[in-house]
Structures are given as structure tokens and as C-alpha cells.
There are 2 protein chains.
Amino acid sequence: MADVIYMQVLADLKHRIYSNEFPDKKLPDERSLSESYGVSRSSIKRALNILAAQGIIFKKRGSGTFVNPLYLKNQPIFHNEGSNLGVTDSYQLGGQAPTIKLLNFQVVPANDDLQQALFLDEGDFVYQIERLRILDGVPFMIETGFIPIKVLPELSTDKVEGSIFNYVEETKKKAVTKSFMSVMAEPSNAADQELLQLTAYEPVGIMEGIFFLDDGTPFEVSTMRINYKYMKYNAFVSLDAE
Amino acid sequence: MADVIYMQVLADLKHRIYSNEFPDKKLPDERSLSESYGVSRSSIKRALNILAAQGIIFKKRGSGTFVNPLYLKNQPIFHNEGSNLGVTDSYQLGGQAPTIKLLNFQVVPANDDLQQALFLDEGDFVYQIERLRILDGVPFMIETGFIPIKVLPELSTDKVEGSIFNYVEETKKKAVTKSFMSVMAEPSNAADQELLQLTAYEPVGIMEGIFFLDDGTPFEVSTMRINYKYMKYNAFVSLDAE
DNA sequence: GAGTGGTCTAGACCACGAG
DNA sequence: TCGTGGTCTAGACCACTCC
């Protein structure tokens with residue numbers, strides 16, 4: 001993984017947890033870990049704090065550090081952890097990487113909602129990108145995204161057939177690191193049923209979000225309509241520091 | 001605020017940001033802040049990291065720390081939820097406070113999953129609490145919760161007809177500050193349709209989670225089946241420290 | 001009282017951005 | 001090159017849990 005110490009410790013601990021190396025759900029104490037990894041306790045704490053923020057472990061002062069049993073039980077198809085924002089990249093975990101079928105790609109004027117969300121002015125334009133995501137041959141998500149043309153003026157058809165986030169990170173050296181998401185559910189409509197191979201009794205999960213670059217620039221507004229069987233959004237919420 | 005140093009710095013910086021004390025959107029560098037507050041740079045970093053995780057500021061190595069202009073302009077987007085965990089309390093926002101109809105309340109032995117999730121031993125008992133939540137006369141959520149009797153030995157029927165979280169906070173002086181949630185969707189089943197007044201074409205949103213006390217004790221496992229019209233789960237996700 | 005996580009410090013060195 | 005944030009250390013002391 002990354003070459004910093006706490007990331008190495010993080011990756012190793014994660015691996016040990018997934019390998020069920022702590023069947024009693026209790027991790028060694030921080031001072032022992034510090035010694036066995038040969039790093040400072042601060043670095044251990046840093047790794048543990050991230051795992052705790054991801055909901056993988058939890059700590060009890062005076063007692064120790066424990067694996068979150070629900071996390072292992074709920075081996076999610078879909079989760080907001082690791083190197084994604086709770087969205088499409090996470091589908092790569094099980095099975096094959098998803099493929100993309102481009103449904104629609106055009107430039108349109110930003111409406112009021114988009115202007116607000118993407119911090120645009122009257123008359124600004126956005127790309128409208130509709131894509132169908134397919135996992136192991138099964139279409140599971142209809143994704144409609146809006147990206148300001150001034151953020152990515154050189155976008156083209158072939159580029160939107162791959163990961164736009166990766167494209168941005170490679171060419172702009174700016175990572176997409178923040179998002180504001182809403183998760184909902186709805187009965188499937190006719191288009192959902194056709195594209196996602198659903199019956200009228202089967203619903204879609206909906207994830208709507210605004211994505212930001214690491215410098216705070218709003219980058220994309222996206223709506224994902226997901227076959228309900230494929231949607232499981234995991235979130236760890238902590239009110240500690242507010 | 002809290003008596004720890006980084007929380008004091010955090011609160012003060014937040015206040016200064018809201019007061020527009022940094023019109024050029026640039027905060028003083030960490031070493032200056034350290035000196036002016038009379039605390040170590042580590043404590044400053046800790047406060048700044050929390051502000052960054054909340055999306056209020058962002059940091060650029062080599063350049064400095066800046067206020068997120070969107071935060072000041074568009075605050076509602078970033079406020080995911082003040083003092084709740086993305087669950088039932090947040091429904092009080094619009095309209096009347098929800099009421100509760102108790103469907104079932106009994107003590108049962110904890111099964112394996114519950115033992116794991118709530119950190120219980122073989123033979124431990126839990127309350128099983130099934131409640132219907134009603135907003136402005138409309139039932140919108142079926143909630144099934146499991147709470148270890150040893151955490152709340154004095155729970156009684158009248159108490160589970162109100163907010164259990166509030167009850168815990170008042171009597172135990174322990175707040176429920178963390179949760180690990182999964183959000184999904186499913187077609188409604190017969191019970192859903194009857195209790196939530198849904199048709200077979202209308203789905204339920206499902207939120208499943210473990211709630212923790214601020215000391216890390218797992219407190220409750222809960223499954224909520226929600227009329228899809230009433231479910232909107234908001235989350236702010238930041239990948240800064242991963 | 002022993003064990004464990006939480007906070008805090010002081011200082012060193014590294015990596016990146018801009019002039 | 002300088003200023004800035006990022007990482008890391010070693011150690012002190014506090015707060016809580018459990019025996």
C-alpha cells in the first residue's frame with residue numbers, strides 16, 4: 001500500500017481482521033502492537049482510529065479494542081470504505097470489474113438545482129452523462145451524472161466509457177475525496193424495469209450525491225438508480241467531535 | 001465546550017470562521033496557531049483535521065489551510081444531521097413529533113448473531129422491542145430492536161413507548177454517539193403492507209444497525225423497515241485519512 | 001492496583017508548492 | 001529556497017474498567 005507507516009499497519013491489521021486472526025474479537029493493546037510492529041504508539045493509534053472511523057473496530061477505554069462483529073457478518077456487496085466514496089468502484093470487490101454502457105452523452109445548460117449544487121452561474125453548461133453499469137453481465141445500475149464543462153473541458157465519448165474519477169485523478173492530479181450522499185428507495189419505473197431487468201414489484205435503491213475535489217471544488221452531481229439486490233450502503237456515524 | 005484542548009481550539013476556530021474572520025479564506029499556518037493558542041502543533045492539527053473531515057476547511061500541503069467557500073454559502077448541504085445518528089430523531093424536523101405504538105415487548109435469549117453484535121455471552125438475555133412509528137397519524141416505520149437486559153435492567157413497557165435513547169441519556173448519563181448502519185431496499189412484504197399502508201408495488205427502505213454508547217459499549221441492534229416515501233439517508237463522506 | 005485507551009507535548013524530518 | 005502541511009517518535013499524565 002502506501003509507504004507511510006500507519007498505512008502499512010492499517011493494511012496489515014485489516015488483513016489480520018479479515019483472516020479472523022482475532023476469534024475472540026479482541027485486538028492486542030496499543031502498547032503491545034507498538035512493540036510488535038516496531039513503531040510508535042501514535043502510529044498504532046492512527047491506524048486504529050481509521051479502522052474505527054470505518055466501523056471495522058471499536059475501542060473501549062479501560063477495556064481494549066474489538067472487532068465490529070456486524071462488519072464481518074455483513075460482507076457487503078457495496079460499501080463506502082477503502083478507496084471510494086461509497087459508490088461504483090466498490091463493486092469490484094467480488095466477481096469481475098463492472099463494465100459500462102454509455103446511454104447518452106450531451107452538453108446541456110445547467111438548471112437552477114445544478115447551478116446551486118455545482119456552484120455555477122447562469123448560462124453555464126454541464127455534461128449530461130447517462131451510463132448503465134454491468135456486473136458479470138448483469139446490468140445493476142443506471143447512473144446519470146452532471147459535470148461542469150469548465151471543470152473538465154476536454155471530456156469526450158471514449159473517456160466517459162471508463163471511470164471518470166480515475167481520469168480526473170490521472171490528468172488533473174486532483175482526487176475526488178469528498179461527497180455528500182442521499183440514499184433512498186422507490187418503486188421501479190418502466191425504464192428501470194427494462195434496463196435493470198426488474199419486475200414491477202421490485203424496487204430500485206437510489207443514491208444521489210455531490211462529489212467534490214480535494215480542493216473543495218464541486219465536481220459532479222450524480223443520481224444512481226440501483227437494482228435493490230445490489231444496493232447496500234454501509235455507514236459508520238460518529239458524533240464524537242461535533 | 002468540552003474541556004479537552006483540541007475541542008476548545010475546534011470550537012473557537014469554527015466560531016472565527018463563521019464570523020468571517022478570514023475574508024481571504026486562508027487560515028494562519030499551523031505553527032502560528034500553535035503559538036497563538038499556546039498549545040502544541042499536534043493539538044492544532046487535531047482540531048484542523050476534524051474541521052477538514054466536516055468539510056469546513058481543506059488543506060493543501062505546501063500552500064496552507066483554507067475555508068471551504070461552499071460551506072459558508074451553502075451550509076444546508078453540509079449539515080447532515082446535528083444531534084442524531086441519521087435515524088428516528090431526525091423525523092421531528094418537519095411536522096409533529098412522531099408517536100410510537102408498541103407492537104411487542106418481551107425478553108428472549110440472545111441468538112448467536114446478537115451475542116456477537118452486542119458482545120454477549122451464551123445464555124444472556126435481550127429485550128425484543130417491536131414498535132410502529134407514526135408521524136402526523138401516518139405509520140411510516142416498523143422498528144425491531146434488541147437491547148441487552150444487563151445494559152438496561154430496569155426497562156419497562158411504558159419506557160419503550162418513548163425514546164429509548166433519551167431515556168438512556170437521562171438516566172445513565174451515557175449518550176448514544178456511534179452507529180454502524182446498513183441501508184438497503186426491498187419489496188414490501190405482507191406485514192409491511194398492512195402496517196405501513198403500502199401496496200405491493202411500493203417498497204420499504206431498510207436500515208439496520210448497531211448503536212454504541214459513547215464509551216464503546218454496543219447498546220442496541222435495530223432493524224427499521226420504512227415506508228420508502230419517508231426514507232432519505234444523508235451522509236457526508238470524506239476520504240482524507242484513508 | 002493493573003491494564004487499557006485518551007490527550008498532550010516538543011521536536012525532528014519529509015514532501016509539496018510557489019516564488 | 002522557504003513556507004507549509006504530513007509523518008513519526010518517545011514519553012508523560014489522565015480517565016476508565018475490571019479484578
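Residue numbers begin at 1 in each chain, while the letters A, B, ... track the order of the sequences.
Look at CD1 on B:I5: it is 14 Å from C1' on C:dA10, rounded to the nearest Å. At whole-Å resolution of the value, NZ in B:K178 and C1' in C:dG5 are 12 Å apart. For B:F66 and D:dG5, the CZ to C1' distance is 11 Å, given to the nearest whole Å.
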So which protein N/O to nucleotides 1-4 of chain C N/O distances come out below 3.5 Å?
{"unit_1": "C:dG3", "atom_1": "N2", "unit_2": "A:G62", "atom_2": "O", "d": "3.1"}
{"unit_1": "C:dT4", "atom_1": "O2", "unit_2": "A:G62", "atom_2": "N", "d": "3.4"}

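Of the residues in residues 38-48 of chain A, A:V39, A:S40, A:R41, A:S42, A:S43, A:R46 come within less than 4.0 Å of DNA chain D through at least one heavy atom, sorted by number.
Because its NZ or CZ atom is not both nearer than 6.0 Å to the ring centre of A:F66 and within 45° of the ring axis, A:K25 does not count as a cation-pi partner of that residue.
Taking a 6.0 Å sphere around CD of B:E154, one finds it holds more than 12 heavy atoms contributed by other residues, nucleotides or ligands. Summarising the local packing, CD of B:E21 is surrounded by more than 12 heavy atoms from other residues, nucleotides or ligands at distances under 6.0 Å.
A:E143 contributes atom CD, which lies 7.0 Å from atom CD1 of A:I100 (distance to the nearest 0.5 angstrom).
Below 30°, between 30° and 60°, or above 60°: for B:Y127 and B:F105 the angle between ring planes is below 30°, a parallel geometry.
Remark: B:F146 engages no residue in a ring-ring contact (aromatic ring centres under 6.0 Å, His included) (not counting sequence neighbours).
Panel note: side chain A:D12, backbone A:V9; no donor-acceptor pair is recorded below 3.5 Å.
Each of A:R61, A:K45, A:R46 was evaluated against A:E30; a single residue qualifies, A:K45, per the salt bridge (charged side-chain N to carboxylate O under 4.0 Å, His left out) test.
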